[in-house]
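Read through the structure below, which is laid out as structure tokens, and then see the notes.
Start at 1 with the first residue, then count along the sequence. Ligands are counted one by one from 1 in listed order, and the atoms in each one are counted from 1 as well.
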Amino acid sequence: MAISSHIPSGTVTADLYFFQPPTDGVTPFQYVDAPPEGQPQRNFGFDTHAVPIHDARGQESSFNLDNDAVGIIQDVPPSAEKDFTDDDSIKANYYPELEELLLQHVPGSTKVVFFDHTIRRAHPDAHRAPVTRVHVDQTATSAAIRVRKHLPADEAERLLAGRYRIVNVWRPLNKNPVESFPLAFARSSTLRDEDVIPIEHRYNNGYTGQTAGIRFNEGQQWWYLSGMTGNERLLLECFDSEALKDGSTVKGGRVAHTAFEDPRTRADAEGRESIEVRALVFGP
Ligand code: OGA
Ligand code: FE
């Protein structure tokens, strides 16, 4: 029996949780951690749809950042970072590898600035678990805020006049191919602007960012990469200033994505572990 025979593959229909606007028409918000007293965690709901999710395995190279806001990179050499438990070690060992990877795979890029990473483990006491809500991490507003927050003022203004993107580099940390809670993503060219709704993303330190919730639409084309391994990387492009320009042919820049519960996953499957590193990518 092949070692990976129990790993689900091929097209699957699974429930995805889409954005449902607050009924009272107020600005949608969510707290990242425990909300202040008297406030709900979030003021909007979810709209569940059973959606066909196609398997990108064997079609990896059909994804393109400028069209789909997705890139799949394979055969990445082992990382110098082994444990992925210590933030400083991750920054020292893993970030430089990703800088090289991004400069190589993001067309026209000349500069990379990392601003965040998140490790997810599926066990109950993990700090962050897989996210089963369809979203985009940033909006045009929060992308510009990020540039100003992480770069010196004069450089930020100069860079904001050129092309700037936000790209997450996502990889599993499991020793075995991913069997549970894989990541689904929609080709950006199949997502309508009107289905992308800004949500205030409130941190307890007072910082408020903006993410986007996604309304369901039949035209969205959903994918995942079955049995993803630690020598593969998913590039999730959350923002691209080029896509906003009048007459631009770039359709990338807003990859709707979500973890999903695959109904084919064995009950005793290993929990998915992953790291996503978020980067500002500049140029040309
Ligand atoms: C991300 C993300 C969710 C997950 O990488 O931006 O939303 O479950 N990840 O890994
Ligand atoms: Fe995300």
Side-chain angles (χ1 to χ4, degrees), residues 8 14-19 28 30 32 42 46 51 53 56 63 65 68-73 84 90 94-95 98 101-102 114-124 126-140 142-143 146 165-174 177-188 191 195-201 203 209-214 220 222-230 232-240 252-262 265 269-281:
D15 282 347
L16 299 186
Y17 301 95
F18 291 85
F19 177 81
Q30 64 193 355
V32 179
R42 61 177 65 83
F46 297 103
V51 175
I53 309 172
F63 291 85
L65 277 183
D68 307 303
V70 175
I72 298 175
I73 303 169
F84 289 96
I90 290 168
Y94 189 51
Y95 280 24
L98 294 188
L101 188 94
L102 285 165
F114 297 104
F115 61 91
D116 182 29
H117 68 256
T118 304
I119 294 173
R120 302 182 191 278
R121 303 190 197 273
H123 55 78
H127 182 57
R128 296 282 189 94
V131 176
T132 50
R133 302 184 292 277
V134 182
H135 69 279
V136 183
D137 294 18
Q138 276 92 19
T139 62
S142 53
R146 282 288 175 190
R165 288 169 262 196
I166 294 183
V167 180
N168 297 359
V169 186
W170 192 99
R171 64 160 287 183
L173 295 174
N174 302 74
V178 169
E179 187 180 352
S180 62
F181 290 100
L183 202 71
F185 41 89
R187 287 194 195 264
S188 184
L191 186 66
D195 294 324
V196 182
I197 293 113
I199 298 173
E200 279 190 9
H201 199 62
Y203 292 83
Q210 206 176 55
T211 66
I214 306 298
Q220 294 162 5
W222 284 93
W223 295 80
Y224 76 113
L225 182 62
S226 68
M228 193 170 167
T229 71
E232 295 177 307
R233 305 282 179 271
L234 261 180
L235 302 186
L236 301 169
E237 189 186 66
C238 292
F239 177 77
D240 182 355
R254 62 228 210 313
V255 64
H257 57 280
T258 178
F260 68 98
E261 190 168 359
D262 191 320
T265 300
E270 188 182 20
R272 182 252 285 177
E273 306 193 347
S274 60
I275 181 170
E276 72 232 29
V277 181
R278 298 187 167 78
L280 294 163
V281 182

Practice prompt. For a side chain to side chain donor-acceptor pair (under 3.5 Å) with D137, tell me which candidate from N168, T211, T118 qualifies.
Written response: N168
Worksheet item: Between Q210 and T139, do the side chains contain an N or O donor and an N or O acceptor separated by less than 3.5 Å?
Response: yes
Worksheet item: To the nearest 10 degrees, how large is the angle at the Fe ion (ligand 2) between D137 OD1 and H257 NE2?
Response: 90°
Fill in: Donor-acceptor side-chain pairing of Y94 and H117 below 3.5 angstrom
no
Worksheet item: So, is the end of the R233 side chain (NZ or CZ) under 6.0 Å from the ring centre of W170 and within 45° of the ring's axis?
Response: no
Worksheet item: At what distance is the nearest protein heavy atom to atom 10 (O) of ligand 1, and which residue and atom is it?
Response: R272 NH1, 2.7 Å
Worksheet entry | Criterion side chain to side chain contact (heavy atoms under 4.5 Å, CB included) against V70, the qualifying member of L65, L234, L225, L235 | L234
Response to the item:
P130 heavy atoms within 4.0 Å reach ligand 1 at atoms 8 (O)
Worksheet item: Is ligand 1 under 4.0 Å from a heavy atom in the side chain of R278, in the backbone, in both, or in neither?
Response: side chain
Practice prompt. Pull out every atom of ligand 1 sitting under 4.0 Å from any heavy atom of A259, numbered as shown with elements.
Written response: 8 (O)
Item to complete: Give the residue, atom name and distance (to 0.1 Å) of the protein heavy atom nearest atom 3 (C) of ligand 1.
Response: R120 NE, 3.6 Å
Item to complete: May I ask you to identify, for L183, whether its side chain, its backbone, both or neither come under 4.0 Å of ligand 1 on a heavy-atom basis?
Response: side chain
Discussion item. So if I apply the side chain to side chain contact (heavy atoms under 4.5 Å, CB included) rule between Q220 and each of V51, L16, I214, V134, which one comes out positive?
Written reply: I214
Worksheet item: For the Fe ion (ligand 2), which N, O or S atom of H135 is at the shortest distance?
Response: NE2
Worksheet item: For ligand 1, which atoms sit closer than 4.0 Å to a heavy atom of D137?
Response: 6 (O)
Worksheet item: With under 30° as parallel and over 60° as perpendicular, where do the rings of F63 and F185 fit, or are they tilted in between?
Response: perpendicular
Worksheet entry | For H135, the ligand 1 atoms whose distance to one of its heavy atoms is below 4.0 Å | 7 (O)
Discussion item. Give me the nearest non-hydrogen protein atom to atom 9 (N) of ligand 1 as residue plus atom name, then the distance to 0.1 Å.
Written reply: E276 OE1, 3.4 Å
Discussion item. Quick check on contacts: which atoms of ligand 1 are under 4.0 angstrom from a heavy atom of N168?
Written reply: 1 (C), 5 (O), 6 (O)
Discussion item. Closer than 4.0 angstrom, basic N to acidic O: yes or no for E276 and R171?
Written reply: no
